[in-house]
Amino acid sequence: MRRALSKFAVLACLIASGPVLAQEVSLATSGRPVKLNVMSLPTRDVVDTLSYMSGLPVIVVGTLNGMVENWSVEARGVEAFSALGHDQGLYVAFDGAKVIIAANENVATRIVDNRQEGWSRTRSVVGELFPLLPEGAIKQDQESGMIVLRGPDIVVRAITDLLERPHDQQIQIIRSGRTQVVKPGMQG
């Protein structure tokens, strides 16, 4: 029940409508520097440790099973999570305020008809919402022009909602208590 409410709260905070000025999110300065050497720990414990050390909140979708063995990282917060995701085969996204992590069994694929918008505009708008997505999280099918989204439900729903909004509607994103705007019709 708590996780279901948490997912709803995150989605509600990710997307709301209303006008405000936007600020750019820098991955290089997101979170405190982290230096961590792991000999053998459960994956969830490593995620919790990175969250504590970096100062970044984390939403874990589903259960993170398995162990992290002989792994080390020295990077800023978001980059440390990205390295963990890459090395351990986890889905790691960052929405500018929090890290979203999921195991592969909690990742789904959805196809969105967004052909009229253009691929560069779509990438730009999605990049405003999620400054960090793993490789292959969003791509365009070359033959049909359709957008293929891959991720946990909370990420896919947020992107889908953004892409389905009218061009002239501003999207208000709440990040760390501050409001930012994405203007889908103005991106490219």
Side-chain angles (χ1 to χ4, degrees), residues 2-3 5-16 20-104 106-107 123-138 150-159 162 171-182:
R2 183 175 176 205
R3 287 192 192 271
L5 289 174
S6 166
K7 288 180 183 179
F8 177 74
V10 169
L11 185 60
C13 287
L14 285 175
I15 299 179
V20 186
L21 298 175
Q23 294 177 325
E24 194 170 311
V25 174
S26 171
L27 295 180
T29 60
S30 295
R32 294 186 297 260
V34 171
K35 183 175 182 178
L36 180 64
N37 294 309
V38 175
M39 298 310 275
S40 180
L41 281 174
T43 303
R44 179 60 196 240
D45 290 352
V46 175
V47 168
D48 291 343
T49 301
L50 286 176
S51 176
Y52 175 77
M53 293 176 75
S54 68
L56 292 171
V58 175
I59 294 176
V60 176
V61 178
T63 303
L64 298 178
N65 296 318
M67 300 289 287
V68 176
E69 307 278 342
N70 300 318
W71 182 77
S72 63
V73 67
E74 185 171 356
R76 297 260 326 144
V78 172
E79 294 166 341
F81 282 104
S82 182
L84 178 68
H86 179 268
D87 295 344
Q88 300 297 313
L90 301 171
Y91 184 99
V92 176
F94 180 64
D95 71 359
K98 69 193 133 316
V99 177
I100 301 167
I101 297 180
N104 285 330
N106 295 307
V107 173
R123 279 191 329 217
S124 175
V125 170
V126 171
E128 289 279 330
L129 184 60
F130 289 100
L132 173 70
L133 286 170
E135 187 175 329
I138 179 169
R150 230 171 119 59
D153 188 53
I154 192 169
V155 172
V156 171
R157 283 188 301 157
I159 293 172
L162 177 68
I171 310 301
Q172 183 177 350
I173 302 170
I174 302 169
R175 290 187 174 131
S176 301
R178 294 190 177 152
T179 308
Q180 300 177 342
V181 167
V182 176

> At their closest point, which heavy atom of Leu133 faces which heavy atom of Ala137, and how far apart are they?
Replying inline: CB-CB, 3.9 Å
> Just wondering, do Tyr91 and Val61 contact through their side chains at under 4.5 Å, heavy atoms?
Replying inline: no
> Which heavy atom in Phe81 sits nearest to a heavy atom in Val92, and how many Å separate them?
Replying inline: O-CG2, 3.6 Å
>> Can you list everything that forms a salt bridge (Lys or Arg N to Asp or Glu O under 4.0 Å) with Asp87? Sequence neighbours excluded, please.
In response: none
> To the nearest 0.5 Å, how far apart are OG1 in Thr63 and CG in Asn106?
Replying inline: 7.0 Å
> For Asp48, what residues pass the salt bridge (Lys or Arg N to Asp or Glu O under 4.0 Å) criterion, not counting sequence neighbours?
Replying inline: Arg44
>> I need the minimum non-hydrogen distance between Gly96 and Pro131, along with the two atoms involved.
In response: N-CD, 3.9 Å
>> To the nearest 0.5 Å, what is the distance between CD on Glu79 and CD on Glu74?
In response: 11.5 Å
>> Test side chain to side chain contact (heavy atoms under 4.5 Å, CB included) on Trp71 and Val46; report intermediate values, then the result.
In response: CA-CA 10 Å; Trp71 182 77; Val46 175; 4.0 Å; yes
> Backbone N or O of Tyr52 within a donor-acceptor pair of the Arg32 side chain at under 3.5 Å?
Replying inline: yes
> Is Ser82 reaching over with its side chain to a backbone N or O of Val78, donor-acceptor style, under 3.5 angstrom?
Replying inline: no
>> Heavy-atom count check: over 12 atoms from other residues, nucleotides or ligands less than 6.0 Å from Glu69 CD?
In response: yes
> Looking only at heavy atoms, which two atoms of Val156 and Arg150 are closest? And how far apart?
Replying inline: CG2-C, 4.1 Å
> Could you go step by step and tell me if Leu90 and Thr43 meet the side chain to side chain contact (heavy atoms under 4.5 Å, CB included) rule?
Replying inline: CA-CA 10 Å; Leu90 301 171; Thr43 303; 3.9 Å; yes
>> Please give me the minimum heavy-atom distance between Leu64 and Ala103, naming the atom from each residue.
In response: CD2-N, 3.8 Å
>> Would you compute the distance between atom CG of Leu56 and atom CZ of Phe94 and round it to the nearest 0.5 angstrom?
In response: 5.5 Å
> Are any of the side-chain heavy atoms of Asn70 and Met39 separated by less than 4.5 Å?
Replying inline: yes
> In Å and rounded to the nearest 0.5 Å, what is the CG to CG distance from Leu84 to Leu36?
Replying inline: 9.0 Å
> Of all heavy-atom pairs between Val107 and Gly151, which one has the smallest distance, and what is that distance?
Replying inline: CG1-N, 3.5 Å
> Does the side chain of Val34 reach to within under 4.5 Å of the side chain of Leu50, using non-hydrogen atoms?
Replying inline: yes
